[in-house]
Amino acid sequence: MWSDNEDSLRAEKSALNPETCDDSVNHRIPKEFPFPFAPYGIQTEFMQVLYRVLEEEKVGIFESPTGTGKSLSLICGALTWLRDFEEHKKQEDAKLLATLVEKHQKHRGGEIDAEVKEVSTKPGAEPDWIEVQRREKEEKEKLQVLREECAKRQKREEQLQKIKNSNNPHFIKKRKHIEDETEKLMAISKEVISGDGTTNDGKCASSIDDDDLTLLDDYDSDNGDVHGNEECSGDEDSDEVHVTKIYYCSRTHSQLSQFIHEVQRSPFANNVRLVALASRQNLCVNEDVRRLGSLQMINDACLELQKGRKERKGDKQKHSKVCCPFRRPAALRVFQAEMLVQIRDVEEACTRGRELSACPYYTSRSAVPAAQLVVLPYQCLLHGPTRCAARLSLKGQIVIVDEAHNLMDTIMAIHSSEINGAQLCCAHSQLSQYLERYRCRLKAKNIMHITQLIFILSCFIRVLGGKVGSNPNLQTIKAPGAEVKSINDFLFAAGMDNINLFKVQKYCEKSKISRKLFGFVEMYQPLTVKRESSAALSGFLQSVSMKKGCCDSASQPLANLNDNNRVHGSPLGRVESFLFALTNADTNGRVVFTKEGTVACSSLRFMMLNPAVHFADIVQDCRSLIIAGGTMQPIDDLKQQLLLASGVKTERIVEFSCGHVIPPEHILPIILSSGPTRMTFDFTFHNRETPELMDEAGRAIVNISTVVPGGLVCFFPSYNYLRQMHARWQSSGLLDRLAARKTVFEEPKKASLVDKVLNDYSRCIQTCVATCATMTGAILLSVVGGKMSEGINFSDNLARCVVMVGMPYPNITSPELKEKMKYLDKKLGVVKGKSAGSLLCDNLCAKAVNQSIGRAIRHSGDYASVVLMDVRYSRPSIRQRLPDWIGAQTQIYPNFGPAVAAIRRFYMTRQEAAHTK
């Protein structure tokens, strides 16, 4: 938080700032930006608009197709602004410092400002000397704040300049000392993780026994006071002021690594302080912890190694109970210094962390305040508790959300929660046994809250039609189906309307009951964690389970109920997530009951309907927000449901959409209304499964494949329809005709098989192109929204043509979609002459199409044709939702013959142009 003096100081800086009007902003926007090569015109325009948005503290929606250098444009445009901003701030500080020093000297010389005299002559005003003292005190405080700020900046710059010299003897000496300590600490950490209480020399490594590790701390108050250890936040100085920085987030770690490598290629590689954040699972370098596998177990083991740190805070004893060899403060400081002067992605940070025996996870967190560019995954930024735990301050900072075409879906998925009957029964069984084991050692408040949690679990199981104490796999559901209720209605139906869920949430957070329960289960289940346990202890859970009737027979112990959840951590953690979701406002979410076959397969799901609730804090705190993507159209729902609903004014939103860098003649978009036998392509839900239409589509694709060189990617609305089409073509002989020209590949449902299919597909095309055989390449049958429709680059010969069969409208009978449509109809009403719910379906379909057809063109020299196989694409309302660089050139062909002829001419022209070059 800013103090009053700091607020006043900021106001004075603003008053001194000459760049407050639009004309001065235009003057400050660079005509040229630092770039690794001569930028395209659209890249320069992109960076100029980006610079203006950041300067005017607005919200920008940027659409730049893949292959146009979006990442480099973001990097060079944003970092240019940050460089100018810091330089301008330094000049402002120097000017203000000179002004304050001059005023201070005048006061010391006994001079009284004319302004003070004028104020003091007014009726009821304070005498001159009092006003002078007050003004002098204020200016002294402002001067002190400014001097401290300038001193910190200068000190930081000097330190970073020294660190850039890798041969600094000071750091070499520290590294040698760290290496000498590592082996000793590694032995201790192994003992702590394995559960043994002694070191190799027989000395006790910790005085805490196993039961003490899993026993809940005393919970003495309903206000949530817990006397125990919290998660160690590391050695970072939590009071360090955050410099102005850019937070860049994307969906996957591979995309983040790609972005970091682009920064390394940019002109700012040696002048920007970049920090990459990730989870312990990605950044932990302690092999004894990493081999535990699951994120939950890695987190627990890491925290276990930090136990006692807060108890000894301020203790001047040399010995510490911190046993992780990678948490030495000296090593962390050395690594933090290196991290701020040399750009590294997650893998490179882990490699360097092993060399320095320093933890990349805690080092990266401690380096955030001084960093200028923080790269992090979606979850870390968009989830409030995670953002708070990482101590990310967004106040006055720049936030860039890349690959944001599914931003709303991502926010809703992060804040939604689902739990099935097997997990509920498992959590109920585990918690009951935990209470049985420790009842005599727990205080009344803990017993009361655990009993309440057991009651809540019982209510959830009964709602699904199950019975507490019976095996969920053996309990059949009499009336399968799905039902949607509001939060309040669900709580009434479950008999939980009298429970204060906010108190339950606070208890779970403060007591860390799920973590304790997870440790308890791991301790008494040798199959889950490789731990030496006596036969009596290992059989404890089974005996209690049988005594309490948690299973139907002795052959169904707790371990069997928990088989599906061992790798994923404690099922109580999922229950907590679902409970926390129920604390949302009644209008912002719905609870979906899904009953299928048995209680174990049935589930409860909380569905978030209003993503703006969790996005508003980000928009309100940050200085400027940039939402970028390769394909952002249509953006109406993003503006209405996310930005405007988060409190952003319409005049603050800036939209920018650029064309593609490829020449217009390199893309041929075609809308195909009919097939070879003139049957209309109308793939509506009620019509698409007719055998005649499937055959017509097959004949069209066979004919197109004869004129398309290299690879052809064909997208279908769903896996089910792909299977139906494939089976029909196989029975009619069309699949054999297609296979005679191109080898047929099919997108697998299992994610583990995707890489193999892609490699085989690519290898087949390369072989056909190189040998000029009768086989012209390969065809890949894919699914819209599947694993091939996003994040895969089908560049050059891998996709010379993309065929979209039908329109991938979402399943209108889905309870979740119905509820979302009802919510939007009630909240937004009619938008652009159509109900908001219907508009949602259109936009979801258009986004899916745009993502899929964008797989083909990946760089400036690429070329491809796009065939939209459905008569509905010819409607103006549908065409206007296509990206501008495609929609403007789209040609409508009512008949099949002229369309194939146009495709043939397109490839002949491109091949002739290639030979000419």
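Values in this document were obtained by computation on a predicted structure and should not be read as measured data. Note that the numbering runs from 1 along the sequence shown for the chain.
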Partner residues of [X] under the side chain to side chain contact (heavy atoms under 4.5 Å, CB included) criterion, sequence neighbours left out:
| X | result |
| --- | --- |
| L828 | Q640, Q641, L824, V831, A836 |
| K822 | E819 |
| N282 | H253, A278, S279, V346 |
| V53 | V49, K58, F62, S624, I626, V654 |

Which residues pass the ring pair (Phe, Tyr, Trp, His ring centres under 6.0 Å) test with F460, sequence neighbours left out?
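Ring pair (Phe, Tyr, Trp, His ring centres under 6.0 Å) check on F460 returns F490, F578.
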Which residues share a salt bridge (charged side-chain N to carboxylate O under 4.0 Å, His left out) with [X], sequence neighbours left out:
| X | answer |
| --- | --- |
| D345 | none |
| E655 | K639 |
| D636 | K832 |
| E57 | R623 |

Mind listing the side-chain donor-acceptor pairs of residues 409-416 below 3.5 Å, one per line with the distance, residues two or more places apart or on another chain?
| from | atom 1 | to | atom 2 | distance (Å) |
| --- | --- | --- | --- | --- |
| T410 | OG1 | N406 | O | 2.8 |
| H415 | ND1 | I411 | O | 2.9 |
| S416 | OG | M412 | O | 2.5 |
| S416 | OG | M608 | N | 3.1 |

Does NZ or CZ of K749 come closer than 6.0 Å to the centre of the six-membered ring of Y719, within 45° of the ring's axis?
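Cation-pi check for K749 and Y719: passes.
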ring-ring contact (aromatic ring centres under 6.0 Å, His included): pairs with one or both residues in residues 623-650, sequence neighbours excluded:
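Checked against ring-ring contact (aromatic ring centres under 6.0 Å, His included) - neighbours excluded - no pair reaches residues 623-650.
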Side-chain donor-acceptor distances from residues 493-500 under 3.5 Å, at least two apart:
| from | atom 1 | to | atom 2 | distance (Å) |
| --- | --- | --- | --- | --- |
| N500 | OD1 | F502 | N | 3.0 |
| N500 | OD1 | K503 | N | 3.3 |

Checking side-chain polar atoms at under 3.5 Å, does S603 have a donor or acceptor matched by the opposite partner on E418?
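Yes, a side-chain donor-acceptor pair sits under 3.5 Å.
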Which residue, V275, V368, T386, L392, forms the side chain to side chain contact (heavy atoms under 4.5 Å, CB included) with L376?
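Of the listed residues V275, V368, T386, L392, the side chain to side chain contact (heavy atoms under 4.5 Å, CB included) partner of L376 is L392.
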